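All remarks here apply to the structure that follows.
Just so it is clear, the structure is predicted and the values come from calculations on it, not from any experiment. Both backbone and side-chain heavy atoms feed into the values below; hydrogens, waters and symmetry mates do not. Every number for a ligand or one of its atoms is a count from 1 in the order of the listing.
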Amino acid sequence: MTDFFDGIPAIRYEGPDSDNDFAFRHYNPDEEVMGKRMEDHLRFAVCYWHNFAWPGGDPFGGQTFLRPWFGDTMEHAKLKADVAFDMFRILGVPFFCFHDADVRPEGASFAENTRNLNEIVDHFAAHMEAGGPQLLWGTANLFSNRRYMAGAATNPDPDVFAFAAATVKSCMDATHRLGGQNYVLWGGREGYETLLNTDLAREAEQAGRFLSMVVDYKHKIGFKGTILVEPKPQEPTKHQYDYDVATVYGFLRRFGLENEVKMNIEQGHAILAGHSFEHELALAASLGILGSIDMNRNDYQCGWDTDHFPNNTPEVALAYYEVLRAGGFDTGGTNFDAKLRRQSLDPEDLILAHVGAMDVCARGLKAAAAMLQDGRLEEARRARYAGWEQDAAQAMLGSDLETIAARVEAEDINPQPRSGKHEKLENLVNRFV
Ligand code: XUL
Ligand code: CO
């Protein structure tokens, strides 16, 4: 144990009437919701990068956080890991997530990067065996280093493709070794800044081959976790290829990967793409590719990827409604890809941010479960399509335009519009959130 969080107790559930900042009011890991423990529904994960690697900079100012583990040596990296596992224990989270670049110093070569990564992976394994959380997912940072400024898999330089492929291999090995439940690919700079220098067809082929190799390697090493792609429409590039769930699904179909890869859907990315979070979740569920979620919102006025912790129960409730409707998480979970505001300097700020976020998610989950158990929303949806349950309607789908036209004429079919009951359904939702 380090002394970074000295004086901060392990967080426990004390119920909604508690006045203790360092307690959960709603997140009660053992409480059953729809026959399953809350912890097993939500599967919370703390992310390494925003909490332990981000120095607090913004486009107008540099570092604000002064952390004792900031530095480029393996000793710094191990101290960082020790503090991270202290925080995981205080919060009682079952999972964490990391990129290679969050956890190890940057080496002078691929070989040195891999040596550094493997040494930290051993250090993680010791913490995990001593009762630390499990790994929800691992991933490679293929966007921060200057070598990736024109992309990784989609780079015009084949040596960058090679370096990225080798790096992903090393990160999949690390994830496999730690028993990770998923492996994530977010295409950080897979997109373009200007069409004037970009060959769209070539870059899509490169990205397709790259993802196919990732899937092949997963099977080769016997990794049982899920490969997840995380969509985002822009930032850092002007246009990212993995724009949203629909776009990525088309890409997966094109390369025959739709049964191999699922989605890691982030609330803030959904909104940047002009969708709601629940839209992206419902669409992924309808396509059979809902994998995991990054539960972090953006500031609605600034319209950028600000990675705030969630604090809006009604929004979160609609998201978990889609997750529960889809049968809940399998290998996925709720990762907080969220960061403090840069004035939040104190160690306790890291803890309180997660306590609030976990409570908001717990409230959202309970509201979602209550809506589902109440059943009126699903009954209204079923009733709206009830006509399609009739034999004639089903037969029509296997028919043709001429036959349908003849039936419309013979039976004098003349449809009468019916209310969609939009406001009634919103009022119903508001009784639960
Ligand atoms: C970037 C983002 C990433 C991915 C992992 O917006 O969300 O942190 O979650 O690379
Ligand atoms: Co994310």
Side-chain angles (χ1 to χ4, degrees), residues 43-55 57-59 95-104 117 135-145 148 151-154 164 167-168 170-172 174-175 180-191 207 210-211 214 225-245 247-248 261-273 275 277 280-281 284 290-299 302-310 319 332-340 354 357 361:
R43 294 166 61 82
F44 285 132
V46 166
C47 87
Y48 218 91
W49 50 102
H50 290 316
N51 292 303
F52 308 113
W54 179 58
D58 71 11
F95 294 106
F96 71 108
C97 301
F98 71 91
H99 304 80
D100 54 349
D102 310 330
V103 304
R104 52 113 181 99
L117 177 64
L135 179 62
L136 185 66
W137 45 265
T139 186
N141 178 327
L142 305 179
F143 42 90
S144 294
N145 192 286
Y148 297 122
T154 62
T167 299
V168 166
S170 70
C171 291
M172 290 177 76
T175 302
Q181 309 246 327
N182 306 273
Y183 183 83
V184 164
L185 296 111
W186 169 59
R189 294 188 190 273
E190 313 294 19
F210 195 94
L211 190 55
V214 167
T226 311
I227 303 290
L228 301 171
V229 167
E230 183 174 327
K232 186 173 182 180
Q234 72 270 328
E235 196 215 17
T237 65
K238 165 194 166 73
H239 174 87
Q240 305 261 144
Y241 295 136
D242 296 337
Y243 196 95
D244 59 4
V245 168
T247 309
V248 176
V261 177
K262 291 190 159 71
M263 299 292 114
N264 182 42
I265 301 172
E266 178 167 317
Q267 189 207 19
H269 297 180
I271 288 162
L272 284 178
H275 304 304
F277 192 25
E280 289 289 80
L281 296 169
L290 176 56
S292 198
I293 60 182
D294 275 6
M295 184 57 99
N296 41 286
R297 68 197 162 98
N298 295 341
D299 181 285
C302 121
W304 202 236
D305 189 15
T306 54
D307 288 326
H308 282 60
F309 284 87
T334 304
N335 173 45
F336 297 114
D337 185 357
K339 61 184 180 224
L340 296 174
H354 285 88
C361 290

(message) Checking side-chain polar atoms at under 3.5 Å, does Asn141 have a donor or acceptor matched by the opposite partner on Trp49?
(response) no

(request) Considering just N/O/S atoms, say which atom of Glu230 is closest to the Co ion (ligand 2). (result) OE2

(message) With heavy-atom distances below 4.5 Å as the criterion, would you say the side chains of Met263 and Val248 are in contact?
(response) yes

(request) Ignoring hydrogens and angles, state whether a donor on the side chain of Gln181 or Arg43 is under 3.5 Å from an acceptor on the partner side chain. (result) yes

(message) Looking only at N, O or S atoms in Asp337, which is nearest to the Co ion (ligand 2)?
(response) OD2

(request) With the Co ion (ligand 2) as the reference point, give the N/O/S atom of Glu266 that is nearest. (result) OE1

(request) Check Thr139, Asp294, Asn182 against Asn264 for a side-chain hydrogen bond (donor to acceptor under 3.5 Å, both in side chains) and give me the one that passes. (result) Asp294

(message) From the N, O or S atoms in Asp294, identify the one nearest to the Co ion (ligand 2).
(response) OD2

(message) Tell me every residue that passes side-chain hydrogen bond (donor to acceptor under 3.5 Å, both in side chains) with Gln234, counting only those two or more places apart in sequence or in another chain.
(response) none

(request) Return the set of residues passing salt bridge (Lys or Arg N to Asp or Glu O under 4.0 Å) with Asp100 (not counting sequence neighbours), or none when no residue passes. (result) Arg104

(message) Run the side-chain hydrogen bond (donor to acceptor under 3.5 Å, both in side chains) test against Asp102 and tell me which residues pass, sequence neighbours left out.
(response) His99

(request) Give the protein residues with at least one non-hydrogen atom closer than 4.0 Å to an atom of ligand 1, ordered by chain and number. (result) Trp49, His99, Trp137, Trp186, Glu230, Lys232, Glu266, His269, Asp294, Asp305, Asp337

(message) Ignoring hydrogens, what is the shortest heavy-atom contact between Asn298 and Asp307? Give both atom names and the distance.
(response) OD1-N, 3.6 Å

